[in-house]
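Here's the structure, in structure tokens; my notes come after.
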Amino acid sequence: MQNDKKNIPESDDGKKIEVKKSVFQSAKELREQQEIEMRKQAELRQRKKQEEYDKRIREERIEIMRLKQGVIEESETIHEEQPQEIKLSLWKKIINFFYHNNWWLFLAIFFVALASYLTYTYIVRPNPDMIVLVLCDNEYIGNSAQFEDYLETFAEDFNGNGEIKVSTYYIPYSDNTYTNYQMGNDTKLTTEMQSADAVIVVGGSNINPVLDPDNTLVNLSEIYPDNVQVRKYGFFLKNTEFAERIGIDPEDVTGDLYIGIRKPRNLLYSDIEEMQATYDRDFLILEKIIEDLSK
């Protein structure tokens with residue numbers, strides 16, 4: 001039996017030389033050849049594209065020179081590109097409008113809200129004999145129907161319509177800016193503070209930074225120096241019979257709640273004479289309230 005390896009050639013030093021290539025080596029060479037061919041084709045396409053671009057630029061330059069020299073009046077190859085109009089859907093148009101006009105819209109919304117509240121204030125709502133502003137964030141006081149009944153025991157028929165009617169206007173001003181914005185409290189407060197219709201206020205710690213009671217309310221401690229419930233601008237309602245008078249739980253009257261009266265001054269919607277007239281009338285009611293709750 002002959003040796004299968006006898007036909008394999010040997011080198012000069014006697015080592016055997018491998019003649020056949022492996023399948024993996026052949027496949028690798030084939031891929032390399034294919035990649036080389038693809039690169040050549042890509043370079044050819046790029047070169048052709050560049051040549052076409054260069055040709056078009058040369059033609060346009062020549063055309064521009066001919067136009068400047070007056071050889072031709074209009075070019076057939078150079079055309080001014082008109083900007084393409086972008087068509088937006090209705091919803092996108094609305095979003096785009098709000099995006100570019102947000103500050104104007106905020107101002108418009110504020111003034112519309114203010115106008116609506118003024119319309120309600122002076123046209124729709126009834127004309128009471130007296131108005132008390134409840135500016136504290138306390139729904140028990142603000143929504144108490146007995147509070148108006150209690151106030152009416154001291155009031156008179158100031159408007160001469162044959163009946164006594166006192167209204168409490170509840171603006172639940174809180175220390176939450178977002179909530180105040182949502183409920184329109186800022187607009188309502190601005191309107192009332194620039195009107196002379198109501199001078200008696202029930203306030204608390206939340207409204208004080210905005211109301212600035214030291215400057216806007218009368219210093220009651222100068223009028224009632226011996227009253228233990230009076231501190232500066234307010235007659236404080238805790239530890240009085242105020243809760244019983246208006247039908248709420250005494251626990252719902254916190255220590256920061258007070259009743260006070262605004263100083264007469266010129267306002268946006270009223271002059272000082274109008275506010276002084278309201279003050280002179282309502283101060284007599286405040287005196288009766290303080291006297292009743294100080295017993």
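Position 1 is the first residue of the sequence; numbering continues from there. This one's a predicted model, so the numbers in the text were calculated from it and none came from an experiment.
The closest donor-acceptor contact from the side chain of D252 to the backbone of I248 lies at 3.5 Å or more, if one exists at all. Using modelled atom types, no side-chain atom of T240 and backbone atom of L293 make a donor-acceptor pair closer than 3.5 Å. A donor-acceptor distance shorter than 3.5 angstrom exists from the side chain of Q229 to the backbone of F236, with no hydrogens or angles considered. Side chain of D129 to main chain of F158: a donor-acceptor pair is present (N/O by atom type, distance under 3.5 Å, no hydrogens or angles). For N180 (side chain) and S174 (main-chain N/O), a donor-acceptor pair under 3.5 Å exists by modelled atom type. Of the possible polar contacts, one joining the D157 side chain to the G160 backbone as a donor-acceptor pair under 3.5 Å is found. Judged by distance alone, with hydrogens and angles left aside, the side-chain atoms of E152 form a donor-acceptor pair with the main-chain N or O of V166 at under 3.5 Å. At distances below 3.5 Å, at least one donor-acceptor pair connects side-chain atoms of T216 with backbone N or O atoms of D212. Side-chain atoms of N266 never come within 3.5 Å of backbone atoms of D271 as a donor-acceptor pair (strictly under, hydrogens ignored). Although no hydrogens or angles enter the test, the distance criterion places a donor-acceptor pair under 3.5 Å between the side chain of Y170 and the main chain of E139.
The distance from atom OG1 of T179 to atom CG of D137, rounded to the nearest 0.5 Å, is 8.5 Å. Note that NZ of K40 and CD of E37 are 6.0 Å apart. Values are rounded to the nearest 0.5 Å. Here CZ of R265 is found 10.5 Å from CE of M193. Values are rounded to the nearest 0.5 Å. Within the model, atoms CG of N227 and OG of S294 stand 4.0 Å from one another, a figure rounded to the nearest 0.5 Å. Here the CD1 atom belonging to I200 is positioned 7.5 Å from the CG atom belonging to L151, to the nearest 0.5 angstrom. Note: E148 CD to Q146 CD = 11.5 Å, rounded to the nearest 0.5 Å.
Every residue two or more places apart in sequence or in another chain that forms a salt bridge (charged side-chain N to carboxylate O under 4.0 Å, His left out) with E241 is listed here: R245. With sequence neighbours left out, T153 forms a side chain to side chain donor-acceptor pair (under 3.5 Å) with no residue at all.
Side chains of Y150 and D292: a donor-acceptor N/O pair is present below 3.5 angstrom, by distance only. Inspection of the Y173 and D186 side chains reveals an N or O donor paired with an N or O acceptor under 3.5 Å.
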Notebook entry, point to check: Checking side chain to side chain contact (heavy atoms under 4.5 Å, CB included) for the pair T254/K238: CA distance, chi angles, key distance, verdict?
Noted result: CA-CA 6 Å; T254 55; K238 186 72 172 177; over 6 Å; no
Check: Are L135 and V202 close enough, and set up right, to give a side chain to side chain contact (heavy atoms under 4.5 Å, CB included), and what steps lead you there?
Finding: CA-CA 6 Å; L135 306 180; V202 176; over 6 Å; no
Next item on the list: Give the intermediate values and the outcome of side chain to side chain contact (heavy atoms under 4.5 Å, CB included) for residues L217 and L211.
Entry: CA-CA 9 Å; L217 301 183; L211 184 62; 4.3 Å; yes
Next item on the list: Output, in order, the C-alpha distance, side-chain angles, deciding distance and verdict of side chain to side chain contact (heavy atoms under 4.5 Å, CB included) for Y279 and L286.
Entry: CA-CA 10 Å; Y279 175 88; L286 179 64; over 6 Å; no
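Both L257 and V218 are members of a single hydrophobic cluster when ILVMFWY side chains are connected at heavy-atom separations under 4.5 Å. Note on V134: it clusters hydrophobically with I290, by side-chain heavy-atom contacts below 4.5 Å among ILVMFWY residues. V199 and I223 fall within a single hydrophobic cluster, where Ile, Leu, Val, Met, Phe, Trp and Tyr side chains are chained together by heavy-atom contacts under 4.5 Å. Residues I285 and Y169 fall into different hydrophobic clusters, defined by Ile, Leu, Val, Met, Phe, Trp and Tyr side chains chained together at heavy-atom separations under 4.5 Å.
Heavy atoms of other residues, nucleotides or ligands lying less than 6.0 angstrom from CD of Q41 number more than 12. The number of heavy-atom neighbours closer than 6.0 Å to NZ of K232, taken from other residues, nucleotides and ligands shown, is 12 or below. Heavy atoms of other residues, nucleotides or ligands lying less than 6.0 angstrom from CD of E291 number 12 at most. Atom OH of Y140 is surrounded by 12 or fewer heavy atoms from other residues, nucleotides or ligands within 6.0 Å.
Residues C136 and N206 fail the side-chain proximity criterion, which asks for heavy atoms closer than 4.5 Å. Here the side chains of E51 and K55 are not in contact, with every heavy-atom distance at 4.5 Å or above. Contact check for M130 versus V132: side-chain heavy atoms found under the 4.5 Å cut-off. When side chains are defined from C-beta on, V201 does not count as touching I261, because their heavy atoms never get closer than 4.5 Å. In this structure, the side chains of R262 and M275 come closer than 4.5 Å at one or more pairs of heavy atoms. Side-chain contact check for E274 versus T278: every heavy-atom pair is 4.5 Å or farther apart.
The shortest heavy-atom contact between L189 and I207 is CD2-CD1, 3.7 Å. Annotation for I246 and I141: closest pair CD1-CG1, 4.1 Å, computed over non-hydrogen atoms. Counting all heavy atoms, side chain and backbone alike, N161 lies closest to N159 at OD1-OD1, 2.8 Å. Between L133 and A198, the shortest heavy-atom distance links the atoms CG-CB, 3.6 Å. Across all non-hydrogen atoms, the minimal contact from I171 to E192 is CD1-CG, 4.1 Å. A243 and P250 make their closest contact through CB-CA, 3.6 Å (heavy atoms, listed as atom of the first residue, atom of the second, distance).
Centroid-to-centroid, the aromatic rings of F242 and F147 come within less than 6.0 Å. Checked against a 6.0 Å centroid threshold, the rings of Y224 and F235 do not count as neighbours.
No cation-pi contact links R231 to Y258, judged by a cut-off of 6.0 Å to the six-membered ring centre and 45° from its axis.
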